[in-house]
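Note on naming: letters A, B, ... go to the chains in the order of the sequence lines (proteins, then strands), and numbering restarts at 1 for each one.
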Amino acid sequence: MSNTSWKKTLNDEQLMAVEHLSGPSLIIAGAGSGKTRTLTYKVLNLLENNVAPERILLLTFTNKAANEMTERVASLIGTQKANRIYAGTFHKIGNIFLRKYAKVLNIANDYTILDREDSVSVMQQALKSTSMPLNEKEFPGKKILMAIMGLSKNKHCSIEDVVSEHFSQFTDYVQEIEKVINKYEKLKLEIKGIDFDDMLVLWLQLLKDENTAPKIIKQFDYVLIDEYQDTNKIQSDLTDILASEKQNLTVVGDDSQSIYSFRGADFGNIITFTERYENAKIFKLEVNYRSTKSILELANSSIAHNTLQYEKNLRSFDGRRGTKPIIKNFRNVYAQAEGVTGEVSQLLRNGTSPSEIAVLYRSHYHSMELQMELTRNSIPFTIHSGLKFFELAHNKTLVAFLRASENLKDFVSWKRLLSICQGIGPKTSDKIMSGISKYENLKDLDTNKITSLAPKKSQSTMKELMVIFENIAKLDLKEGPGESVRHIIESPFFNNYLLKNFQNVDERMDDCWQFLSFVEKFISISELLDELSLVSSGEDYYNGNPGIVLSSIHQAKGLEWKNVFIIWLCEGKFPVYKSINIKENLEEERRLFYVAVTRAKQKLYLSFPRVDSRNQHGYERPIEASRFLMEIPPHLYQDSDNYYY
DNA sequence: GCGAAGTCGTTTTTT
DNA sequence: ACGACTTCGC
């Protein structure tokens, strides 16, 4: 009962890729070429050819992308069937197998997933075991240690190799670095924690286990990978093994949009794909449906400065030129914020929907002045960069309560809670923590004894904290985590915490109630915690604020708007200083610029301040325009000389 | 003298 | 938000 009317909505390039069903294939898809559509219809086509949905594995870069594709398929063939497809990030799907085969891996089956912030806390603890002098220049701080460890796991190579390749200034300290990282691994075992990188490492370990691997591999007939240019070594190994038996592997990517090398991503994976799969079919999607010709020309001329890339010829579908991109420079960052705000309110007055406007930038802090200016002008906005809903401090505190009550040895959560108490700092919380970890579970915890470990002036707060745990211990866990959370939110301890730490207490309180209604959907705490760290990146819980979007370029990947502003285009800010002298890094910055530019459908505004006045009063450091702007031939943008502010 | 807490300047990107 | 540095309080 095949309904093939969807075929009419695809162009020839896309249709060929969609109709190629068996065997390996590589789809090189330019920006705005309908990559997601193509992949979605390929899945649909498989289903129409009687492939069972649960035998399809679709791995994407974000869960949001997977959900969008699944929903589209669902609208055509029904939700029930569509939801049986294995679709999600490597991490989300991997987690399913880690839970199932925890025994094989010899890990606790009630492990918690540590997010980035948690992992950094564990690393901080691990660093206490070194006798090295801790300053950034002499011995790597926790940030660099995290980076070294992450790369070694994601690239699947030794710490020594990572240090000599990326952090050669620290080669003398390799042994000490290894020692700290070993300590980090040991600490994670104590708290039954697994970090993001571990999830991939452990999944690969499962796929190398001779008993378990065949079970997992035989489960899937078709494997599809989105954003292949951003896979790292371990992800491409996982992919190869998962597809090893049937060889029905489709990878989709654009080497010009590879922007995650700091996480070990290697677009060499695309380049070597045809070497690894000699019979692979190659499809190129080169028609851009998104942007006007003017925008596309600017993007193409910029990316042409990169030497390391695939040959591609991205053509505009829309014959119209549209308006040329505008480059504006401003007296300083405040003038830039005012200028962008002015332009945005102009667009809004002319009837543009806020959902068609986005401001993009290289780093989170680049949006500060703009946020203030938009607020002053009562223009609503949603921030896509930085912290997500569940990463907000007050929500993380609620999670810390749950985790602390589940596992008394979870020092990451306990220390978060203890540090809330006035008068308890790092030293005292270490002391109290060693007291708490002597107990096995919450019901045995002698709260009076723990309270007495705190200094006198902190005892009353400490008692309030302990009362919460006494009450949680009394609750019936079968009720699910909802009751515990309600209890915490209503406690004096938590209310005082909100009052002391935040100005917008009412807003934060609303968030907490929203958090509660989310939590009440879950029966078990571990299921809830999985969902929090893997699935809900938060966007869906920012209840439909109709504002314009402010976003880091990294998070704008895959999205599009009619009007796009890119701000802070200065040497040192974008590209960042650290990348300027390293060719590979500079080219990645340029790809990032390319991603930013190709988000725009109709109008593109590029701007930069002439001085960096964010630091000292009265001392304004002049700052140059980004080389990415200087490289663009002047006939491709509107003359900005009229726009001095 | 120790540990907590406040101030100042700087800030790459994230599943 | 974080590290380096200073000040405060016991």
Rounded to whole Å, the OH-C1' distance (Tyr365(A) to dC2(C)) equals 14 Å
Integer-rounded Å distance: dG3(B) P and Ile432(A) CD1: 14 Å
From the list dT14(B), dG3(C), dA5(B), which nucleotide is the closest neighbour of the side chain of Tyr260(A)? dT14(B)
Grab the CG-C1' distance between Leu453(A) and dG3(B) for me, whole Å please. 17 Å
Atom CD1 of Ile93(A) and atom C1' of dT15(B): how far apart are they, to the nearest Å? 13 Å
With a 4.0 Å cutoff (strictly under), does any side-chain N or O of His91(A) reach OP1 or OP2 of dT14(B)? no
Phosphate OP1/OP2 of dG3(B) contacted by Lys431(A) side-chain N/O (<4.0 Å): no
Think Arg99(A) forms a cation-pi with Tyr111(A), using NZ or CZ under 6.0 Å from the six-ring centre and within 45 degrees of its axis? yes
Once you apply a heavy-atom cut-off of 4.0 Å, does Pro455(A) come out as touching a base, just sugar-phosphate, or nothing? nothing
Under 4.0 angstrom, heavy atoms only, what part of the nucleic acid is Phe574(A) near: base, sugar-phosphate, or nothing? nothing
Determine: side-chain N/O of His366(A) to OP1/OP2 of dT11(B), distance under 4.0 Å, yes or no. no
Under 4.0 Å, heavy atoms only, any strand: does Glu588(A) hit a base, just the sugar-phosphate, or nothing? nothing
Are any non-hydrogen side-chain atoms of Leu127(A) and Lys183(A) less than 4.5 angstrom apart? no
Taking the nucleotide of DNA chain B with the closest heavy atom to each, which residue, Cys421(A) or His554(A), is nearer the 5' end? Cys421(A)
For Lys457(A), report the nucleic acid contact type (base, sugar-phosphate, nothing); a contact means any heavy atom under 4.0 Å. nothing
Compute the ring centroids of His554(A) and Tyr260(A), then answer whether they are less than 6.0 Å apart. yes
Centroid distance below 5.5 Å plus an interplanar angle below 30 degrees: do Phe262(A) and dT13(B) meet both conditions? yes
Positive for side-chain contact (heavy atoms from CB on, under 4.5 Å) with Phe628(A), one of Arg590(A), His305(A), Glu571(A): Arg590(A)
Classify the ring geometry of Phe522(A) against Phe518(A): parallel below 30°, tilted from 30° to 60°, perpendicular beyond 60°. tilted
Using a cut-off of 4.0 Å on non-hydrogen atoms, how would the nucleic acid contact of Thr428(A) be classed: base, sugar-phosphate, or nothing? sugar-phosphate
Measure from CD on Glu391(A) to C1' on dT15(B) and round the result to the nearest Å. 11 Å
Ser552(A) side chain, from C-beta outward: closest of dA5(B), dC2(C), dT14(B): dT14(B)
Can you check whether Phe565(A) and Tyr361(A) have ring centres sitting under 6.0 Å from each other? no
Closest-nucleotide 5' rank along DNA chain B - winner of Thr62(A) and Gly425(A): Gly425(A)
Please give, in whole Å, the distance from dA1(C) P to Leu392(A) CG? 9 Å
Starting the side chain at C-beta, find the nucleotide from dT14(B), dT13(B), dG3(C) nearest to Ser363(A). dT13(B)
Should Gln422(A) be listed as having a side-chain N or O under 4.0 Å from OP1 or OP2 of dA5(B)? yes
Between dA5(B), dG3(C), dA4(B), which one does the side chain of Lys427(A) approach most closely? dA4(B)
Grab the CD-C1' distance between Glu117(A) and dA1(C) for me, whole Å please. 9 Å
Have a look at Phe90(A) and say if it touches a base, only the backbone sugar-phosphate, or nothing, with a 4.0 Å heavy-atom cut-off. nothing
Please give, in whole Å, the distance from dT13(B) C1' to Glu587(A) CD? 18 Å
